[in-house]
Amino acid sequence: MPDLRNEVVEDRTNALAGKDHMGDMTRVQLTVLKIDHPFPTIARLTVRIHTEDPAAWSVPNVAVRLEVAEIEGHRPISRIYTIRRFDPETCEAEIDFVLHEGDSPAMLWLRAARPGTTALMIGPRPHFSPAFEAGKRIAILADETAIPAVLSILDAWPEGETAEAWIETADRAAFDELPRPRGVTLHHLPRAAQAPAGTTGALAAAARAAITDGNWTVWAAGERRDMREIRAVCAEHGIGREGQQIMGYWKLGMSSSEIDRHRLATYEALKARGVGLDNLSDADLDI
Ligand SMILES: Cc1cc2nc3c(=O)[nH]c(=O)nc-3n(C[C@H](O)[C@H](O)[C@H](O)COP(=O)(O)OP(=O)(O)OC[C@H]3O[C@@H](n4cnc5c(N)ncnc54)[C@H](O)[C@@H]3O)c2cc1C
């Protein structure tokens, strides 16, 4: 077992446990019921969430922080995943893990997981849905780590809203599985199997080709550098922060623990200025 101590993120000011950060989230247990591999790039876990409040888990695009390793005397090592689908009757949920190389904390946890495995997680954290604004077109841009978020958003797509969505994945089947609500046009951005994720620039190129004026609101999630480029496209057309919901879900060559340290430092700086989590923008992280 690799030594994961360098993945610990210390929270010296206890900022993450405070009400401002936790909101209505709690620490709940999940039990793994089933592990499928619907496509070569994905492990799909069906889990039971042991919650007393299924309604809180029934909103689109909910994220959780799954505790994937324990280091004695320290905060657990955690990774963020999206609830792809949730059934409030049974409290069963699906979580898709994008498989990638290396002995990362999430991949190690996943390889050891079996039906019956339990874990703690913090959630539900409702994440962004597109901003539906009269007269504005909606662009959705996502790599495979954000396909579960897109699926959950499309499952609850409001009647009468229109959008264009660009999805980068090496797995055509993962794209084909997305729902097609009326009004949403989906475009597949194929990535060659041998090309590493986060290296093609295809999402940013799609954004650049499509967004040629300020009449858009943009929802995007994926590799951090791709997201930075998409923010630049927005800036070029005067699309301000209110018109953007853009989040870097991971960064090529950097562990999420390192991203979490940057996020925590940015959050602590905000708190020191007397402002809270609502003012923490992913765009403000220095990575
Ligand atoms: C709100 C939110 C929701 C998310 N939802 C999902 C989801 O539903 N499914 C999902 O799979 N991911 C999702 N992610 C992304 C996931 O948290 C990261 O991919 C995370 O880095 C995985 O942790 P790890 O321990 O495997 O790798 P880390 O320890 O974080 O990183 C180790 C190495 O692996 C690389 N790496 C990490 N992820 C990938 C990847 N996807 N492809 C290639 N290389 C990678 C890193 O660049 C780094 O070099 C989400 C992230 C956020 C912020």
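The structure displayed is predicted, hence computed values, not measured ones. Position 1 is the first residue of the sequence; numbering continues from there. Below, each value reflects all heavy atoms present in this structure, side chains not excepted, and no hydrogens, waters or symmetry copies. Just follow the structure's listing: the first ligand is 1, and inside any ligand the first atom is 1.
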Closest approach of [X] to [Y] (non-hydrogen atoms, all atoms of both residues):
| X | Y | answer |
| --- | --- | --- |
| Asn61 | Phe128 | ND2-O, 2.7 Å |
| Ala93 | Ile83 | CB-CG2, 4.0 Å |
| Ile77 | Pro105 | CG2-CB, 3.9 Å |
| Thr169 | Ala174 | OG1-CB, 4.2 Å |

Among protein heavy atoms, which sits nearest to [atom], and what does the distance come to when rounded to 0.1 Å?
| atom | result |
| --- | --- |
| atom 33 (C) of ligand 1 | His100 CE1, 4.3 Å |
| atom 11 (O) of ligand 1 | Val98 N, 2.8 Å |
| atom 27 (O) of ligand 1 | Ser104 CB, 3.4 Å |

Nearest neighbour of [atom] from the list [options], on a heavy-atom basis:
| atom | options | answer |
| --- | --- | --- |
| atom 5 (N) of ligand 1 | Thr82, Val68, Leu110 | Thr82 |
| atom 50 (C) of ligand 1 | Ile80, Asp282, Leu66 | Ile80 |
| atom 10 (C) of ligand 1 | Tyr249, Tyr81, Trp109 | Tyr81 |

How are the rings of [X] and [Y] set relative to one another: parallel (under 30°), tilted (30 to 60°) or perpendicular (over 60°)?
| X | Y | result |
| --- | --- | --- |
| His21 | Tyr267 | tilted |
| Phe86 | Trp57 | tilted |
| Trp166 | Trp216 | tilted |

Judged by atom type as modelled, is there a donor-acceptor pair below 3.5 Å linking the side chain of [X] to the main-chain atoms of [Y]?
| X | Y | answer |
| --- | --- | --- |
| Thr82 | Arg84 | no |
| Asp171 | Phe39 | no |
| Asp3 | Arg5 | yes |

Nitrogen or oxygen of [X] less than 3.5 angstrom from that of ligand 1:
| X | value |
| --- | --- |
| Glu7 | no |
| Ser257 | no |
| Ser255 | no |
| Trp250 | no |
| Arg79 | yes |
| Gly253 | yes |
| Ala106 | yes |
| Phe97 | no |

Derivation and outcome, salt bridge (charged side-chain N to carboxylate O under 4.0 Å, His left out), residues Glu10 and Arg12 = CA-CA 6 Å; Glu10 299 294 2; Arg12 292 192 179 80; 5.2 Å; no

Can you tell me which portion of [X] lies within the under-4.0 Å heavy-atom range of ligand 1? Options are side chain, backbone, both, or neither.
| X | result |
| --- | --- |
| Ser256 | both |
| Glu144 | neither |
| Leu252 | backbone |
| Arg125 | neither |

With a 4.0 Å cut-off on heavy atoms, does Gly102 reach ligand 1?
-> no

Do His237 and Thr212 have side-chain atoms, one donor and one acceptor, less than 3.5 Å apart?
-> no

Quick one: do the Ser255 and Glu7 side chains pair a donor with an acceptor below 3.5 Å?
-> yes

salt_bridge(Arg79, Glu67) N-O dist < 4.0 Å = no

What atoms of ligand 1 come within less than 4.0 Å of a heavy atom belonging to [X]?
| X | result |
| --- | --- |
| Met254 | 31 (O), 46 (C), 47 (O), 48 (C), 49 (O) |
| Pro148 | 8 (O) |
| Asp96 | 7 (C), 8 (O), 9 (N), 10 (C), 11 (O) |
| Thr145 | 5 (N), 6 (C), 7 (C), 8 (O), 9 (N), 12 (N), 13 (C), 41 (N) |
| Pro105 | 25 (O), 29 (O) |
| Lys251 | 46 (C), 47 (O) |

Rounding to 0.5 Å, atoms OG1 (Thr46) and CG (Leu30) come to a distance of 11.5 Å

